[in-house]
Amino acid sequence: MARGKNSRRNSQTSTLPLPTNRSCACGNCNGISCLSQPSSFGHKNPKDVQDAIDFHWKILPIEIKMFLLRDPVKLCLRKFVDFYSTQEQIENTSKNVAASICGCSWYLALQYMFLGKLSEAKALILNAAFLQEVYNNKPVDQIKELCTGASMEVLQGKE
């Protein structure tokens with residue numbers, strides 16, 4: 001098959017506006033104000049973001065939500081290890097389940113950041129990072145063994 005100039009492809013791309021520092025793909029703003037405010041990034045309104053958050057929390061087990069949002073400021077490695085190594089939660093560290101919870105946690109963290117709820121976003125980022133470590137590198141029981149030898153200051157995030 002001979003290659004042509006592919007004029008159809010070139011004609012489609014030539015009609016698209018070229019991105020500049022001052023233009024936004026939405027065409028409703030000057031680009032600068034749109035991208036400088038995280039809560040309005042992509043022109044999401046807070047109600048839509050909250051609806052997305054509520055929907056994604058329905059996917060996750062309620063125990064994870066309660067664990068992460070009960071006191072998100074006080075979360076540390078030891079608490080994640082203790083929570084996910086319990087009999088009730090150990091199945092959430094299996095490969096497929098951990099990957100799903102991890103992705104959902106990243107998404108929820110981003111949505112909470114859009115709303116300016118940074119402590120909740122941080123808790124979800126820590127959860128995603130912990131589960132990503134479990135998924136990619138070490139099962140939770142091996143992390144628990146490593147934590148046994150570590151000092152309490154390290155585990156509680158004081159060092």
Side-chain angles (χ1 to χ4, degrees), residues 12-13 16 19 23-29 31-159:
Q12 288 175 346
T13 57
L16 296 175
S23 80
C24 177
C26 73
N28 295 328
C29 68
I32 295 169
S33 64
C34 172
L35 299 177
S36 65
Q37 298 175 5
S39 63
S40 67
F41 188 79
H43 301 287
K44 296 179 182 180
N45 79 39
K47 184 186 178 333
D48 291 343
V49 173
Q50 188 61 54
D51 289 345
I53 288 171
D54 295 340
F55 175 80
H56 280 79
W57 275 124
K58 290 177 185 174
I59 297 170
L60 296 174
I62 189 70
E63 297 84 10
I64 293 176
K65 180 179 181 180
M66 291 175 6
F67 166 70
L68 293 173
L69 300 184
R70 181 179 314 124
D71 197 0
V73 176
K74 293 187 178 180
L75 287 175
C76 62
L77 178 59
R78 169 54 68 191
K79 290 185 180 184
F80 282 101
V81 170
D82 291 344
F83 177 75
Y84 281 109
S85 61
T86 63
Q87 191 65 32
E88 298 82 24
Q89 297 301 319
I90 196 74
E91 81 174 45
N92 289 327
T93 63
S94 67
K95 287 278 188 190
N96 291 335
V97 179
S100 177
I101 294 171
C102 179
C104 199
S105 294
W106 287 122
Y107 177 82
L108 284 166
L110 183 60
Q111 301 312 308
Y112 275 111
M113 285 176 31
F114 285 150
L115 295 178
K117 297 180 178 181
L118 299 183
S119 59
E120 290 87 347
K122 179 183 172 188
L124 284 152
I125 290 168
L126 292 173
N127 187 59
F130 179 80
L131 289 173
Q132 195 161 353
E133 181 67 22
V134 168
Y135 177 82
N136 288 322
N137 297 315
K138 296 206 179 302
V140 73
D141 58 332
Q142 287 182 11
I143 296 173
K144 188 174 184 176
E145 287 176 27
L146 290 171
C147 289
T148 304
S151 71
M152 287 306 290
E153 290 80 21
V154 170
L155 294 176
Q156 294 174 346
K158 294 180 182 174
E159 256 185 27

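Remember, predicted model here, so these are calculated numbers, not experimental data. The first residue in the sequence is number 1, and the count goes up from there.
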If you round to the nearest 0.5 Å, how far is OG1 of Thr93 from CD of Glu91?
9.0 Å
Between CD1 on residue Ile101 and CG on residue Leu108, distance to nearest 0.5 Å:
11.5 Å
Taking only residues two or more places apart in sequence, or in another chain, which ones meet Asp51 in a side-chain hydrogen bond (donor to acceptor under 3.5 Å, both in side chains)?
Lys47
NZ of Lys95: more than 12 outside heavy atoms within 6.0 angstrom?
yes
Using modelled atom types and a 3.5 Å cut-off, is there a donor and acceptor pairing between side-chain atoms of Ser100 and backbone atoms of Val97?
no
Could you tell me the separation between the CD atom of Glu88 and the CZ atom of Phe83, rounded to the nearest 0.5 Å?
9.0 Å
Using atom types as modelled, flag every donor-acceptor pair under 3.5 Å from a side chain in residues 117-137 to any protein atom, sequence neighbours excluded.
from   : atom 1 : to     : atom 2 : distance (Å)
Asn127 : OD1    : Tyr84  : OH     : 2.7
Asn127 : ND2    : Ser105 : OG     : 2.8
Gln132 : OE1    : Trp106 : NE1    : 3.3
Glu133 : OE1    : Asn137 : ND2    : 3.1
Glu133 : OE2    : Asn137 : ND2    : 3.2
Asn136 : ND2    : Gln132 : O      : 3.3

Return a table of donor-acceptor pairs under 3.5 angstrom between the side chains of residues 53-71 and protein atoms on other chains or two or more places apart.
from  : atom 1 : to     : atom 2 : distance (Å)
Asp54 : OD1    : Gln50  : NE2    : 3.0
His56 : ND1    : Ala52  : O      : 3.0
Trp57 : NE1    : Tyr112 : OH     : 3.0

Write down the atom of Val81, the atom of Val140, and the distance for their closest heavy-atom approach.
O-CG2, 4.4 Å
Between Ile90 and Gln87, which heavy-atom pair has the shortest distance, and what is it?
CG2-O, 3.6 Å
